[in-house]
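Values below: every heavy atom of this structure, side chains too, minus hydrogens, waters and symmetry copies. Every chain is numbered from 1 and lettered A, B, ... according to where its sequence line falls, protein lines coming before strand lines.
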Number of protein chains: 2
Amino acid sequence: MDKTLKRMATMQRMQVTGLELFYKKGYYNTSVDDILKELSLSKGAFYYHFDSKEDFFIQIIENLLVRKMYSMLIEPIEGHENTLDSITNCFEDALETAVHNELDFGFVLSNFVNEFNGKNEKIMKHLNDILRIWEANLVSAVQRGKFNGFIDRHVDSEGMAVFLMSSYMGIRTLMVETAPSARKYRFMSQLRQYFKSIEPKGENSLNPNAVFGNVN
Amino acid sequence: MDKTLKRMATMQRMQVTGLELFYKKGYYNTSVDDILKELSLSKGAFYYHFDSKEDFFIQIIENLLVRKMYSMLIEPIEGHENTLDSITNCFEDALETAVHNELDFGFVLSNFVNEFNGKNEKIMKHLNDILRIWEANLVSAVQRGKFNGFIDRHVDSEGMAVFLMSSYMGIRTLMVETAPSARKYRFMSQLRQYFKSIEPKGENSLNPNAVFGNVN
DNA sequence: ACTTAAACCGACCGGCCAGTCTGTTCTCAT
DNA sequence: ATGAGAACAGACTGGCCGGTCGGTTTAAGT
């Protein structure tokens with residue numbers, strides 16, 4: 001365990017800058033040497049730790065991408081009763097990091113889905129796993145929102161999850177070049193508009209979660 | 001004019017299969033020889049007609065992508081008074097071709113934006129032009145919808161355009177692998193939900209377009 | 001029939017890149 | 001101190017790909 005410390009540290013360094021470059025320039029347009037140059041390491045070091053470029057990337061997905069997706073787009077929604085509010089805040093934060101050109105992992109994911117679709121089935125499997133997890137968590141968040149009286153009982157939870165993921169991934173694509181800050185603002189305002197049509201109508205509109213408490 | 005007929009025909013063939021392969025495998029992962037093999041043509045033929053692979057791709061954008069974007073995502077919305085209906089129908093049709101794995105040019109565009117972003121400024125300029133045209137046409141469609149009484153006067157036209165483009169490009173990314181038909185259905189149903197919150201409320205809800213006629 | 005240019009062929013070049021392999025340096029237990 | 005394995009260095013290979021270039025075929029005008 002202790003002796004593997006150095007190993008782990010090097011692998012971690014490689015993966016972090018690997019993800020950074022893969023994100024910036026794309027997987028196929030980033031050579032292993034590009035990453036190694038950034039770290040002043042050699043081919044020997046790389047292939048000592050990883051089997052192949054593909055294996056390297058899959059480990060990046062498992063070790064970095066999955067965790068960051070959780071901390072940025074799943075956990076911020078998981079804990080709270082008022083689903084619509086927490087989704088709004090979560091998207092707001094994620095898009096704000098995007099405006100500052102920092103790594104926005106929801107977009108990293110969408111980028112890679114686009115790059116590998118139809119080209120590398122093995123990697124697509126891993127990416128689709130993450131999408132499924134994201135979707136499942138959104139679905140249960142919507143259901144919790146219904147239960148807690150913040151979302152109309154008649155809305156389709158699956159549909160809402162798909163719609164949220166779609167619009168999020170889409171706005172990130174649109175933010176890459178033209179007026180990211182303005183587009184973020186407009187997007188968020190329309191998202192709130194959409195949420196208005198989702199709120200419970202009529203008698204049961206007061207939230208009963210003081211009675212039932214949180215679900216799960 | 002007449003003598004250039006053969007030239008035009010060959011260039012057209014190259015561009016059509018070029019777009020097809022670039023879409024399926026990506027620009028950087030498709031070699032010029034891949035396209036040539038498909039057509040039983042040689043390098044000589046290619047570089048006789050085009051300056052470079054990049055030039056070739058830009059001509060594909062101008063000759064094929066732009067036109068198809070017009071016919072699939074712009075003109076179907078342009079002519080009609082009831083903006084929300086025509087957008088719904090337009091998206092419905094476009095996503096249906098996507099379900100059948102045919103070339104859906106809105107997605108082709110979004111794919112290329114993802115592939116070239118940060119990698120090829122020259123090509124990005126051309127792609128951004130198309131995005132701007134699409135956006136402008138959606139904005140004016142929304143404004144027409146307001147004028148004709150199908151859309152609430154208070155909604156932000158720019159915001160709605162951005163939101164529509166986002167969600168469309170996003171759902172296409174989500175449809176590439178998992179349950180495209182189901183996701184299309186869910187998406188369209190949520191889009192209609194969103195549109196509900198966009199309709200005019202209160203007194204002026206009856207459309208007055210019988211009085212004013214169409215705008216433009 | 002002959003000329004001429006357009007259209008096309010395909011071998012070749014130079015550069016890049018994933019992966020290999022041999023060898024060197026570092027680390028640490030004994 | 002030293003042997004042994006872990007960690008790393010870097011030259012090299014084979015394949016691919018964009019682009020070039022000298023040559024051949026096709027077609028059209030005269």
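Listed here is the closest heavy atom pair of B:Tyr27 and B:Glu115: N-OE2, 3.0 Å.
Straight-line distance from the CE atom of A:Met8 to the P atom of D:dC8: 14 Å, rounded to whole Å. Computed from coordinates, the B:Phe50 CZ to C:dC8 P distance equals 11 Å when rounded to whole Å. When rounded to the nearest whole Å, the span between OH of B:Tyr48 and P of D:dC21 equals 17 Å. If you measure from atom CG of B:Asp55 to atom P of D:dG18, you get 14 Å, rounded to the nearest angstrom.
The backbone N or O of A:Ser197 lies less than 3.5 Å from a partner atom in the side chain of B:Gln193, making a donor-acceptor pair.
OP1 and OP2 of D:dA6 both lie 4.0 Å or more from every side-chain N or O belonging to A:His49. Between B:Arg7 and the phosphate of C:dA6, there is no side-chain N or O to OP1/OP2 separation shorter than 4.0 Å. Side-chain N/O atoms of A:Thr10 include none lying less than 4.0 angstrom from OP1 or OP2 on D:dA7.
Between A:Phe22 and A:Phe57, the angle of the ring planes goes over 60°, which puts this pair in the perpendicular group of the 30/60° scheme.
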Distances under 3.5 Å between protein N/O atoms and the N/O atoms of nucleotides 16-22 of chain C, please, pair by pair.
{"unit_1": "C:dA18", "atom_1": "OP1", "unit_2": "A:Lys53", "atom_2": "NZ", "d": "2.9"}
{"unit_1": "C:dA18", "atom_1": "OP2", "unit_2": "A:Val32", "atom_2": "N", "d": "2.9"}
{"unit_1": "C:dA18", "atom_1": "N7", "unit_2": "A:Lys43", "atom_2": "NZ", "d": "3.3"}
{"unit_1": "C:dG19", "atom_1": "OP2", "unit_2": "A:Tyr47", "atom_2": "OH", "d": "3.0"}
{"unit_1": "C:dG19", "atom_1": "OP2", "unit_2": "A:Lys53", "atom_2": "N", "d": "2.9"}
{"unit_1": "C:dG19", "atom_1": "N7", "unit_2": "A:Lys43", "atom_2": "NZ", "d": "3.2"}
{"unit_1": "C:dG19", "atom_1": "O6", "unit_2": "A:Lys43", "atom_2": "NZ", "d": "2.8"}

Residues 159-178 of chain A side chain polar contacts: donor-acceptor under 3.5 Å, at least two apart:
{"unit_1": "A:Ser166", "atom_1": "OG", "unit_2": "A:Val162", "atom_2": "O", "d": "2.7"}
{"unit_1": "A:Ser167", "atom_1": "OG", "unit_2": "A:Phe163", "atom_2": "O", "d": "3.0"}
{"unit_1": "A:Ser167", "atom_1": "OG", "unit_2": "A:Leu164", "atom_2": "O", "d": "3.1"}
{"unit_1": "A:Tyr168", "atom_1": "OH", "unit_2": "A:Asp104", "atom_2": "OD1", "d": "2.8"}
{"unit_1": "A:Tyr168", "atom_1": "OH", "unit_2": "A:Asp104", "atom_2": "OD2", "d": "2.9"}
{"unit_1": "A:Arg172", "atom_1": "NE", "unit_2": "A:Asp104", "atom_2": "OD2", "d": "2.4"}
{"unit_1": "A:Thr173", "atom_1": "OG1", "unit_2": "A:Met169", "atom_2": "O", "d": "3.2"}
{"unit_1": "A:Glu177", "atom_1": "OE1", "unit_2": "B:Asn128", "atom_2": "ND2", "d": "3.1"}

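No more than 12 heavy atoms of other residues, nucleotides or ligands shown are found within 6.0 angstrom of OH on B:Tyr185.
Between the side chains of B:Glu78 and B:Tyr70, no donor-acceptor pair is found at a separation under 3.5 Å.
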